[in-house]
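Following: one structure in C-alpha cells, then a few remarks.
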Amino acid sequence: MPCLEEKDLIRSLNWFYSLEIEQVDLYKSQARAATDIYLRQVLTRVAAMEQEHVINLEAEISRRGATPTRLGAIIAPLLGVATGTILNWTNTRTLLWANITLEEKAMADYKRLILKVAEKNLFNLLWSHLIDEDLHAAWFSNKLKELDRLALH
C-alpha cells in the first residue's frame with residue numbers, strides 16, 4: 001500500500017478540511033431557504049454531520065503538529081454560502097443534482113486518499129467520512145427520483 005509523505009498527507013487533510021467547511025455552510029444555507037420541512041431537516045442534519053467531519057479533520061491535522069489551513073477556514077464558508085445562495089435561486093431538482101455532484105467529488109477524493117493511508121486510525125476515520133458522504137449522495141439521489149416520479153403524475 002503506497003504511503004504519502006507527511007507534508008502531502010497534511011495538504012490532503014487540509015483539502016478535506018476546507019471542503020467540509022464549505023459543505024457545512026452550503027447545507028446550512030440551503031436548509032434556511034428550504035420550504036419543504038423534510039428537506040430542511042435533512043439538510044440541517046447533513047450540515048451537522050459535515051461539521052463533525054470538520055472537527056475530526058481539524059483534530060487530525062493538529063495531532064500531526066500542523067495547523068489547519070486558515071485559508072480554508074476563511075474562504076470555504078464564503079464559498080459555501082455563495083454556492084448555497086445561488087442554488088437557492090434554482091429549483092429543488094437543480095439543488096439536489098448539485099449536492100449529488102459535490103458529494104460524489106468528495107467520495108472520489110476520499111477513496112483516492114484512503115488507498116494511500118496505512119495508519120489504521122486515520123484509515124478508519126476517512127472510511128467513516130466516505131460512508132457519510134455516500135449516504136448523503138444516496139438520500140439526495142432518492143429525493144431527486146421521488147421528485148421525478150411526482151412530476152410524471
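Positions are given from 1, in the same order as the sequence printed here.
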Task: pair Phe16-His129: side-chain heavy atoms closer than 4.5 Å - done: no

- [ ] Answer yes when Asp25 and Lys28 have at least one side-chain N-carboxylate O distance shorter than 4.0 Å, and no when they do not.
- [x] no

TODO: Using the side-chain contact (heavy atoms from CB on, under 4.5 Å) rule, pick out the option among Asp36, Thr92, Leu95, Val42 that qualifies with Lys143.
DONE: Asp36

Open item on the list: For the CD atom of Glu20 and the CH2 atom of Trp15, what is their distance to the nearest 0.5 Å?
Closed with: 10.5 Å

Task: Arg11/Asp8 salt bridge by N-O under 4.0 Å criterion - done: yes

Task: Which atom of Asn14 lies closest to which atom of Pro68, heavy atoms considered - done: OD1-CA, 3.3 Å

Open item on the list: For His136 and His53, take the angle between the two ring planes, folded into 0 to 90°, and tell me which bin it lands in: parallel under 30, tilted 30 to 60, perpendicular over 60.
Closed with: parallel

Task: Atom pair OG (Ser12) and NZ (Lys116), whose distance is rounded to the nearest 0.5 Å - done: 6.5 Å

TODO: Look at the side chain of Thr101 and the backbone N and O of Trp97, then say whether any donor-acceptor pair between them is shorter than 3.5 Å.
DONE: yes

Task: Contact check, side chains of Glu60 and Glu119, non-hydrogen atoms, under 4.5 Å - done: yes

- [ ] Please name the pair of heavy atoms, one in Leu113 and one in Leu13, separated by the smallest distance, quoted to 0.1 Å.
- [x] CD2-CD2, 4.4 Å

TODO: Compare all side-chain heavy atoms of Asp148 with those of Arg93 and state whether any distance is below 4.5 angstrom.
DONE: yes

Open item on the list: With rounding to the nearest 0.5 angstrom, report the OG to CZ distance, Ser128 to Phe123.
Closed with: 12.5 Å

- [ ] Specify the closest pair of heavy atoms between Ala137 and Ile100, including all atoms of both residues, with the distance to one decimal.
- [x] O-CG1, 4.0 Å

Task: Between CG on residue Asp109 and CD on residue Glu104, distance to nearest 0.5 Å - done: 12.0 Å

TODO: Report yes if the side chains of Glu6 and Ile10 come closer than 4.5 Å at any heavy-atom pair, otherwise no.
DONE: yes

- [ ] Look at the aromatic rings of Tyr38 and Trp139 and report parallel, tilted or perpendicular, splitting at 30° and 60°.
- [x] perpendicular

Open item on the list: Under 4.5 Å between side-chain heavy atoms, counting indirect links through other Ile/Leu/Val/Met/Phe/Trp/Tyr residues: same cluster for Ile131 and Val24 or not?
Closed with: yes

- [ ] For the residue pair Leu102 and Leu19, establish whether any side-chain heavy-atom pair is separated by less than 4.5 Å.
- [x] yes

Task: Ile37 and Gln41, any side-chain heavy atoms less than 4.5 Å apart - done: yes

TODO: Output yes when a side-chain donor or acceptor of Thr44 lies under 3.5 Å from a complementary backbone atom of Arg40, and no otherwise.
DONE: yes

Open item on the list: Could you report the tightest heavy-atom contact between Leu43 and Tyr27, atom names first, then the distance?
Closed with: O-CB, 3.7 Å

Open item on the list: Would a single hydrophobic cluster contain both Leu4 and Tyr110, if residues Ile, Leu, Val, Met, Phe, Trp and Tyr are joined by side-chain heavy-atom contacts under 4.5 Å?
Closed with: yes

Task: Heavy-atom check, side chain of Gln23 versus side chain of Glu133, under 4.5 Å - done: yes

Open item on the list: Taking Phe140 as the starting point, is it possible to reach Leu135 by hopping between hydrophobic residues whose side chains are less than 4.5 Å apart?
Closed with: yes

TODO: Among Ile114, Leu122, Asp132, Val117, find the residue that satisfies the side-chain contact (heavy atoms from CB on, under 4.5 Å) test when tested with Trp127.
DONE: Ile114

Open item on the list: Please report the interatomic distance OH(Tyr17) to CG(Asn56), rounded to the nearest 0.5 Å.
Closed with: 12.0 Å

TODO: Please check if atom CG in Leu150 has more than 12 non-hydrogen atoms from other residues, nucleotides or ligands closer than 6.0 Å.
DONE: yes

Open item on the list: Determine whether a donor-acceptor pair (N or O, by modelled atom type, separation under 3.5 Å) exists between the side chain of Ser62 and the backbone of Glu58.
Closed with: yes

Task: side-chain contact (heavy atoms from CB on, under 4.5 Å) partner of Leu26, the single match among Val46, Ile21, Asn99 - done: Asn99

Task: Gap between atom CD of Glu52 and atom CG of Leu57 - 0.5 Å precision - done: 12.0 Å

